[in-house]
Amino acid sequence: MVVRLTEVEAYGGADDPASHAHRGWTPRTLPMFDTEGTLYVYRSYGIHWCMNIVTGPRGTAGAVLLRGGVIGRGRSVAEARRGRQDHLADGPGKLCQALGVTGALSGSSIGEGPVDIELGPDQDPSTIVATPRIGISVARDRPWRYLLPE
DNA sequence: CAGCGGATCGCCT
DNA sequence: GGCGATCCGCTGC
């Protein structure tokens, strides 16, 4: 299963009031303090899963929430999982459903799992657009949402 | 140990 | 553009 990312958001640790790691670690958020490449997957609104890739180093909380992407190899499987042929991964919950990612993968490494991240054709950092994060009620001023070129 | 509310989604108007 | 669904981890008593 391959995904090319189009939208991500950064979350920090103690210094980021919007982060789940803001008040230190709990059993659920412990993966956020692990090494780079670790997955932190949490349940959202009791229904959806949302996945982060931890940025490391160990002991420091930091991760990138995968908010959207385009499914490459494995598209038919993703369509079956989503029950539709469009809007497969244009949202953090949809992206996890399309990729088959659940909380069972939290704490594991991105490299060991079924998901591969593909780089887009345009790798010029200057084409990445930064905007405020969405869906949060605090620290809205930080432009830590990144839109990657399609 | 009970209550709250959220890093969402999809369907309705 | 607005709202209901639907959990459970965390906070505060």
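Here is how names work: the chains are called A, B, and so on, in the same order as the sequence lines, proteins then strands, and each is numbered from 1.
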### Task
Would you kindly give the CE-to-C1' distance between Met32(A) and dG9(C), to the nearest whole Å?
15 Å

### Asp16(A) side chain vs Tyr11(A) backbone, donor-acceptor pair below 3.5 Å
no

### Task
Would you check if the side chain of Glu9(A) reaches a backbone N or O of Arg67(A) as a donor-acceptor pair within less than 3.5 Å?
no

I want to check one thing: is the phosphate of [N], taken as OP1 and OP2, less than 4.0 Å away from some side-chain N or O of [X]?
X: Arg67(A); N: dT8(B); result: yes
X: Arg43(A); N: dG9(C); result: no
X: Arg82(A); N: dG10(B); result: yes

### Task
Quick one: list whatever passes side chain to side chain contact (heavy atoms under 4.5 Å, CB included) with Arg84(A), sequence neighbours left out.
Arg82(A), Asp86(A), His87(A)

### Message
I want to verify a distance call: between dG9(C), dT8(B), dC9(B), whose nearest atom is closest to the Thr26(A) side chain?
### Response
dG9(C)

### Query
To the side chain of Lys94(A), which of dT11(C), dG10(B), dA7(B) is closest?
dG10(B)

### Message
Any non-hydrogen side-chain atom of Asp34(A) less than 4.5 Å from a side-chain atom of Arg58(A)?
### Response
yes

### Query
Reading DNA chain C 5' to 3', what string of ( ), [ ], | and . shows its pairs, if Watson-Crick and G-U wobble pairs count only when both distances fall under 3.5 Å?
|||||.||||||.

### Message
Using only modelled atom types and a 3.5 angstrom limit, is any donor from either the side chain of Tyr42(A) or the base of dA7(B) paired with an acceptor on the other?
### Response
yes

### Task
Classify the nucleic acid contact of His20(A) as base, sugar-phosphate or nothing, counting any heavy atom under 4.0 Å across all strands shown.
base

### Message
Considering every strand and a 4.0 Å limit on heavy-atom distances, what is the contact class for Ile136(A): base, sugar-phosphate, or nothing?
### Response
sugar-phosphate

